[in-house]
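Values below: all heavy atoms of this structure, side chains included; hydrogens, waters and symmetry mates excluded.
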Amino acid sequence: MGTSADRPAAPPKSLSPSRAADFMQCPLLYRFRVIDRLPEKPSAAATRGTVVHAVLERLFDAPAGDRSVPRARAMVAGEWERLLARRPELAELFAEGAADGEGVADGEGVADGAELARWLAEAEGLVERWFTLEDPTRLEPAERELFVEARLDSGLRLRGIIDRVDVAPTGDVRIVDYKTGKAPRPEFAGEALFQMKFYALVVWRLKGVVPRRLQLVYLGSGDVLTYDPQESDLLGVERKLLALWDAIQRATESGDWRPRPGKLCGWCDHQAHCPEFGGTPPPYPLVVQPRLPVDETQDARGGRAGDR
């Protein structure tokens, strides 16, 4: 299984929160997704998240007084049909015989109406829970599904899509992200906030304003996690991203993408290509650029002995 024929392999040019998380989780996973672009099976959970996000975005098209629970629940089926029209392969998720959202190969199987109905009901439940966490009749987002991109002084491009941006009359900015899963345990909250701090850094670099609040809305558990960032937080994130990007560039040039086994390996679609599971990665599609050996005569500042 190789690179998509219509998108030839190319070195990465930018970094998003999800791809940064991929590399930190497992460099080889990053390679499979960004360099090789190996296909992955659709997931019922991820697809449900896409539908729920679409509902929460489009609900704000209605006047404030019409943003009700019944209206939002009724939108779920329509957003599913809209998504299915763009991605017909998602129908495999609910073919008879599909197990645990894994789909059926080659589109085989008969549509399982009961399974689809259950899945839609779960999505409706997540949308309804949102109304217990926020009141859409009192919100007028400045932006929804906002694509942002900023170039740092180093040349690194950061990009992503922010679910919602609220701007208060005072000018304070709040970045909001919806999660259809459950809130993480406190010891893992830092990992969850990394994405939000990434977005805050991009907004700061674009607008010159540090967002007043970062807000994660967990529809799966009914929790809201907030964080008020400082400039020092965002400078720390910037340093981390620069170090991460340097590691990605070195791996891109050398072709040395090592697996990092962990608890999420069991969910990975690429076990057949992973050495940890006895697999072999596809041939590396980029030109390897081995680095020259370090000259031991160089001093700590990079100058050669006798050059001064």
Asker: Identify the heavy atoms of Ala54 and Glu79 that sit nearest to each other, and give their distance.
Answerer: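 Nearest heavy atoms, Ala54 then Glu79: CB-OE1, 3.5 Å.
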Asker: In the structure I gave you, are the side-chain heavy atoms of Cys26 and Leu264 within less than 4.5 Å of one another anywhere?
Answerer: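 Answer no - side chains too far apart.
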Asker: Measure the shortest side-chain to side-chain distance between Val173 and Val165 over non-hydrogen atoms and say whether it is less than 4.5 angstrom.
Answerer: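 Heavy-atom side-chain distance check passes, below 4.5 Å.
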Asker: Are Trp80 and Leu116 close enough, and set up right, to give a side chain to side chain contact (heavy atoms under 4.5 Å, CB included), and what steps lead you there?
Answerer: CA-CA 10 Å; Trp80 160 243; Leu116 175 59; 3.7 Å; yes
Asker: Using 0.5 Å steps for rounding, measure from the OH atom of Tyr227 to the CD1 atom of Ile175.
Answerer: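 Reported to 0.5 Å precision, the distance equals 13.5 Å.
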Asker: Do the charged groups of Asp256 and Arg258 touch, with an N to O distance under 4.0 Å?
Answerer: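 Yes.
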Asker: Side chains of Arg212 and Asp228, heavy atoms from C-beta outward: is any pair under 4.5 Å?
Answerer: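 Yes, their side chains come closer than 4.5 Å.
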Asker: Spell out, yes or no, whether Leu206 and Leu158 are grouped together once hydrophobic residues are joined by side-chain heavy atoms under 4.5 Å, including indirect joins.
Answerer: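 Looking at the clustering, Leu158 is in the same group as Leu206.
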Asker: Do you reckon Leu286 sits in the same ILVMFWY cluster as Phe23, going by side-chain contacts under 4.5 Å, direct or chained?
Answerer: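 Same cluster: Leu286 reaches Phe23 through Ile, Leu, Val, Met, Phe, Trp or Tyr contacts under 4.5 Å.
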Asker: Is it true that Glu253 and Arg250 have a side-chain N and a carboxylate O under 4.0 angstrom from each other?
Answerer: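 Result for this pair is no, no salt bridge flagged.
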Asker: Could you check whether any side-chain heavy atom of Pro259 comes within less than 4.5 Å of a side-chain heavy atom of Arg31, counting everything from C-beta outward?
Answerer: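 The answer is no; the side chains never approach within 4.5 Å.
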Asker: When Tyr178 is tested against each of His53, Glu57, Arg164 for side chain to side chain donor-acceptor pair (under 3.5 Å), which residue passes?
Answerer: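 The option that passes is Arg164.
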Asker: Can you check whether Gln271 reaches Cys265 side chain to side chain, under 4.5 Å on heavy atoms?
Answerer: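 No. Closest side-chain heavy atoms not under 4.5 Å.
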Asker: What distance do Leu133 atom CG and Tyr218 atom OH have between them, rounded to the nearest 0.5 Å?
Answerer: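 Separation between the atoms: 12.5 Å.
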Asker: Would a distance-only check, ignoring hydrogens and angles, find a side-chain to backbone donor-acceptor pair under 3.5 Å from Thr50 to Ala46?
Answerer: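 Side chain of Thr50 to backbone of Ala46: a pair is present.
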Asker: Do the side chains of Leu83 and Val76 join up, straight or via other hydrophobic residues, at under 4.5 Å, putting them in one cluster?
Answerer: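 Yes, Leu83 connects to Val76 through the hydrophobic network.
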Asker: Would you say Val34 and Arg19 make side-chain contact, with heavy atoms under 4.5 Å?
Answerer: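 Yes. Closest side-chain heavy atoms under 4.5 Å.
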Asker: Check this for me: does any side-chain nitrogen of one of Lys179 and Asp223 sit under 4.0 Å from a carboxylate oxygen of the other?
Answerer: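 Salt bridge between Lys179 and Asp223, a charged N being under 4.0 Å from a carboxylate O: no.
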Asker: A side-chain contact here means heavy atoms from C-beta on lying under 4.5 Å apart; do Leu241 and Glu238 qualify?
Answerer: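 Answer no - side chains too far apart.
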Asker: Search all heavy atoms of Ala72 against all heavy atoms of Val127 and return the closest pair with its distance.
Answerer: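 That closest heavy-atom pairing would be CB-CG1, 3.4 Å.
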Asker: Give a yes-or-no answer on whether the side chains of Asp177 and Tyr199 include a donor-acceptor pair shorter than 3.5 Å.
Answerer: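 Distance-only check fails for Asp177 and Tyr199.
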Asker: Under a 4.5 Å side-chain heavy-atom rule over Ile, Leu, Val, Met, Phe, Trp and Tyr, are Ile161 and Phe194 clustered together?
Answerer: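 Cluster IDs for Ile161 and Phe194 differ.
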Asker: Would you call the rings of Trp257 and Tyr30 parallel, tilted or perpendicular, where under 30° means parallel and over 60° means perpendicular?
Answerer: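 Taking Tyr30 first and then Trp257, their aromatic rings lie parallel (interplane angle under 30°).
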Asker: Taking all non-hydrogen atoms of both residues into account, name the closest pair between Leu234 and Pro229 and its distance.
Answerer: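 For Leu234 versus Pro229, the nearest heavy atoms are CD2-CB, 4.2 Å.
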Asker: Quick check for you: to the nearest 0.5 Å, what is the distance between Arg157 atom CZ and Ser16 atom OG?
Answerer: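 The CZ atom of Arg157 sits 11.5 Å away from the OG atom of Ser16.
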Asker: What's the separation between atom CD in Glu134 and atom CG in Leu56, rounded to the nearest 0.5 Å?
Answerer: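 Glu134 CD to Leu56 CG: 9.0 Å, rounded to 0.5 Å.
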Asker: Between Arg129 (side chain only) and Leu219 (backbone N and O only), is there a donor and an acceptor less than 3.5 Å apart?
Answerer: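 Yes, the answer is positive, given that a donor and an acceptor are paired below the 3.5 Å cut-off.
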Asker: Taking CG in Asp153 as the centre, count heavy atoms belonging to other residues, nucleotides or ligands within less than 6.0 Å. Is the count above 12?
Answerer: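 It does not: Asp153 CG has 12 such atoms or fewer within range.
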Asker: Roughly how far apart are Leu84 CG and Glu89 CD, rounded to 0.5 Å?
Answerer: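 Reported value, rounded in 0.5 Å steps: 8.5 Å.
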Asker: Is the shortest heavy-atom distance from the side chain of Phe32 to the side chain of Asp269 under 4.5 Å?
Answerer: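 Side-chain contact under 4.5 Å: no.
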Asker: How far apart are the C-alpha atoms of Leu29 and Arg33, what are their side-chain angles, what is the distance that settles it, and do they pass the side chain to side chain contact (heavy atoms under 4.5 Å, CB included) test?
Answerer: CA-CA 6 Å; Leu29 174 64; Arg33 286 179 167 169; 3.7 Å; yes
Asker: Return yes if some donor-acceptor pair links the side-chain N/O of Arg260 with the main-chain N/O of Pro27 below 3.5 Å, else return no.
Answerer: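 A pair under 3.5 Å: no.
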Asker: Assess the residue pair Trp119 and Thr47 against the criterion (side chain to side chain contact (heavy atoms under 4.5 Å, CB included)); give the C-alpha distance rounded to whole Å, side-chain angles, the decisive distance to 0.1 Å, and a yes or no.
Answerer: CA-CA 10 Å; Trp119 181 85; Thr47 304; 3.9 Å; yes
Asker: Assess the residue pair Ile162 and Glu143 against the criterion (side chain to side chain contact (heavy atoms under 4.5 Å, CB included)); give the C-alpha distance rounded to whole Å, side-chain angles, the decisive distance to 0.1 Å, and a yes or no.
Answerer: CA-CA 8 Å; Ile162 301 174; Glu143 302 286 352; over 6 Å; no
Asker: Indicate if Val288 and Leu28 have the same hydrophobic cluster label, given that clusters are the connected sets of ILVMFWY residues with side-chain heavy-atom separations under 4.5 angstrom.
Answerer: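 Yes, Val288 and Leu28 fall within the same hydrophobic cluster.
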Asker: Measure across Pro12 and Ile35 and return the closest heavy-atom pair with its distance rounded to 0.1 Å.
Answerer: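 Result for this residue pair: CD-CD1, 3.6 Å.
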Asker: For Glu40 and His270, which I'm curious about, is there any donor-acceptor pair between the side chains at under 3.5 Å?
Answerer: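 Present: a donor and an acceptor within the cut-off.
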Asker: For atom CD of Glu81, is the number of surrounding heavy atoms from other residues, nucleotides or ligands below 6.0 Å larger than 12?
Answerer: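 Correct, the count exceeds 12.
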Asker: Using 0.5 Å steps for rounding, measure from the CG atom of Asp61 to the CE atom of Met75.
Answerer: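 Between Asp61 CG and Met75 CE, I get 7.0 Å after rounding to 0.5 Å.
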Asker: Name the one of Asp166, Asp163, Leu214 that satisfies side chain to side chain contact (heavy atoms under 4.5 Å, CB included) with Val176?
Answerer: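 Filter result, single survivor: Asp166.
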